[in-house]
Structures are given as C-alpha cells and as structure tokens.
Amino acid sequence: MNLKIAVIAAAISFAGGALAHTDASHKKQAKPISTEETAFGREGDPKKATRTVNVAMSDKMRFTPAQLTVKQGETVRFRVKNSGQVMHEMVLGTMDDLKAHAEMMKKHPGMEHDEPYIAHVAPGKTETMVWQFTRAGEFHYGCLVPGHFEAGMVGRVRVVAK
Ligand SMILES: [Cu+2]
C-alpha cells in the first residue's frame, strides 16, 4: 500500500517535471541572462541597452549595415530583420569562432543552437538580440546557414576601448 502510493507520487512528480521542462524550453524570455563571458562580450540586459541597431539580412547574402562601431561596455539591442525568402541568422563572434561554427554547420546542417549571440530569423520576421561588448577589438557577425557565410554574408564590429 505504502509502496504503491510512493510509486504514484513518483510518477506524478515525474510528469510534473517533464511538463515544467517543456514549458521552460519554449519560453525564451523566461531564461535568465547568461553571465558567461566570451572573447567578444556577454549577453546584455535589455534594460541596460543604450542603443538599438537595426540589421537587415537579405537573400543577396548581405547584412545591412555590414560595419558597426561600438564603445567598450556598450549594451546594444539588435533588431534583426530577415527581408529575404529563406532562413538567415546573425551570429556574433570572433572570425575564428565563425569559421569553426560554419564548418560545423556544413557537417550538421539541421543543427540549431540556442545561444544569446545568435538570432535565427525566419523569412519576413524580426528577432531581437541584446549583447554587451565588454572587450575592445575587432569582431564579426555572420550568417551560418550553410553556404551563406562563404558567399560573403559577414559583417564587422569594431569595439573601441573606453
Ligand atoms: Cu543567410
């Protein structure tokens, strides 16, 4: 009798856990802001964004603008619009990161990453990404949909030291 109750209780809590998990993975905005520092900065707090940059991605395999200058420490809200007919994405990183990532995408085309420095944008849609550029230097953004980066879908961010 007691054992049976325990089993039922376990089954219920398991179902609850599974539900909570599904819920969390579908609510992107509920995710806490990552504190992870990368070589090119960290996820930005939308409340601290001091600047909004509109970025357009087209089927001509170009970002507009393709060059950007920001100040070290600045938190930028990117409003990334896909004005094309196919999927595009804006991935921030160092040139080495982007090249490695592009290679990986070629081997695993279906692979999707949910990272704070990536905005996947469906045709006709706009997605927002907030990033804080904590380090000075030259960084890039690329579209890593297979073939796009190679076709020149890449932009440059210059982060000027304070
Ligand atoms: Cu693209």
Side-chain angles (χ1 to χ4, degrees), residues 23-162:
D23 241 30
S25 58
H26 283 266
K27 265 188 212 152
K28 209 176 168 185
Q29 62 272 43
K31 232 169 57 172
I33 294 162
S34 170
T35 55
E36 193 194 338
E37 274 283 340
T38 71
F40 52 97
R42 57 186 287 175
E43 183 171 8
D45 180 348
K47 286 181 229 120
K48 291 181 184 152
T50 50
R51 184 174 163 192
T52 298
V53 174
N54 292 307
V55 176
M57 305 189 290
S58 81
D59 292 347
K60 288 183 179 155
M61 306 302 162
R62 290 295 179 269
F63 285 103
T64 310
Q67 284 194 39
L68 207 60
T69 302
V70 303
K71 289 186 215 106
Q72 187 181 6
E74 197 168 31
T75 299
V76 179
R77 179 188 294 104
F78 289 99
R79 291 188 73 248
V80 191
K81 183 178 168 52
N82 181 349
S83 49
Q85 308 286 316
V86 301
M87 192 77 192
H88 290 290
E89 61 186 12
M90 179 179 180
V91 183
L92 285 165
T94 62
M95 191 44 111
D96 285 347
D97 288 338
L98 295 181
K99 281 181 179 160
H101 197 141
E103 277 308 306
M104 203 165 66
M105 291 296 286
K106 259 193 254 172
K107 287 178 196 142
H108 311 280
M111 206 163 163
E112 271 207 22
H113 307 264
D114 188 15
E115 299 288 353
Y117 50 84
I118 302 179
H120 298 282
V121 191
K125 302 280 185 212
T126 299
E127 299 286 344
T128 300
M129 161 166 80
V130 183
W131 193 256
Q132 186 182 17
F133 293 92
T134 53
R135 302 183 193 214
E138 189 174 282
F139 307 103
H140 289 84
Y141 44 100
C143 177
L144 302 184
V145 171
H148 294 200
F149 184 69
E150 293 79 356
M153 199 161 179
V154 58
R156 189 173 63 140
V157 188
R158 212 160 58 88
V159 183
V160 183
K162 309 188 240 214

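Computation of the quantities below employed the complete heavy-atom set of this structure, encompassing side-chain atoms and omitting hydrogens, waters and symmetry-equivalent molecules.
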**Report entry** Minimum side-chain heavy-atom gap Arg135-Val159 below 4.5 Å
**Finding:** no
Requested in this report: List the atom of Val157, the atom of Phe133, and the distance in Å for their closest heavy-atom pair.
Outcome: CG1-CE2, 4.0 Å
Can you give me every donor-acceptor pair (side chain of residues 65-73, partner residue at least two apart or in another chain, under 3.5 Å) with its distance?
residue : atom : partner : partner atom : Å
Gln67   : OE1  : Arg156  : NH2          : 2.9
Gln72   : OE1  : Lys162  : N            : 3.3
Gln72   : NE2  : Thr134  : O            : 3.0

Requested in this report: Go through the steps for Met90 and Glu127 under the test side-chain contact (heavy atoms from CB on, under 4.5 Å), then give the verdict.
Outcome: CA-CA 10 Å; Met90 179 179 180; Glu127 299 286 344; over 6 Å; no
Query - Value rounded to 0.5 Å, distance of NZ in Lys47 from CZ in Arg77 - result: 12.0 Å
Requested in this report: Please name the pair of heavy atoms, one in Val121 and one in Lys125, separated by the smallest distance, quoted to 0.1 Å.
Outcome: CG1-O, 3.0 Å
Query raised in the report: Checking side-chain contact (heavy atoms from CB on, under 4.5 Å) for the pair Lys81/Asn54: CA distance, chi angles, key distance, verdict?
Result: CA-CA 8 Å; Lys81 183 178 168 52; Asn54 292 307; over 6 Å; no
Requested in this report: Using the ring-ring contact (aromatic ring centres under 6.0 Å, His included) rule, collect all pairs that involve residues 71-100, keeping only residues at least two apart or in two chains.
Outcome: His88-His148
Query - Which residues share a ring pair (Phe, Tyr, Trp, His ring centres under 6.0 Å) with Tyr141, sequence neighbours left out - result: Phe63
Query raised in the report: Which heavy atom of Ala136 sits nearest a heavy atom of Val160, and at what distance?
Result: CB-C, 4.4 Å
Report summary line: Here the pair of heavy atoms bringing Lys48 nearest to Thr75 is O-CB, 3.6 Å
Query raised in the report: According to the interplanar angle, ranging from 0 to 90°, do the rings of Tyr117 and Phe40 count as parallel (below 30°), tilted (30 to 60°) or perpendicular (above 60°)?
Result: perpendicular
Requested in this report: Check the surroundings of atom CZ in Arg51: do more than 12 heavy atoms from other residues, nucleotides or ligands lie under 6.0 Å from it?
Outcome: yes
Query raised in the report: Where is the tightest heavy-atom contact between Asp59 and Gln85, given as atom of each residue plus distance?
Result: OD2-N, 2.6 Å
Query raised in the report: Taking the side chain from Arg42 and the backbone from Ile33, do they hold a donor-acceptor pair closer than 3.5 Å?
Result: no
Requested in this report: Report yes if some heavy atom in the side chain of Ile118 is under 4.5 Å from a heavy atom in the side chain of His101; otherwise report no.
Outcome: yes
Query raised in the report: Which heavy-atom pair separates Val91 from Leu98 by the least distance, and what is that distance?
Result: O-CD2, 3.4 Å
Requested in this report: Output, in order, the C-alpha distance, side-chain angles, deciding distance and verdict of side-chain contact (heavy atoms from CB on, under 4.5 Å) for Thr50 and Glu74.
Outcome: CA-CA 7 Å; Thr50 50; Glu74 197 168 31; 3.6 Å; yes
Query raised in the report: Looking only at atom types and distance, does a side-chain atom of Glu43 sit under 3.5 Å from a main-chain N or O of Ser34, one as donor and one as acceptor?
Result: yes
Query raised in the report: Does Asp96 use its side chain to pair, donor to acceptor, with the backbone of Ala100 at less than 3.5 Å?
Result: no
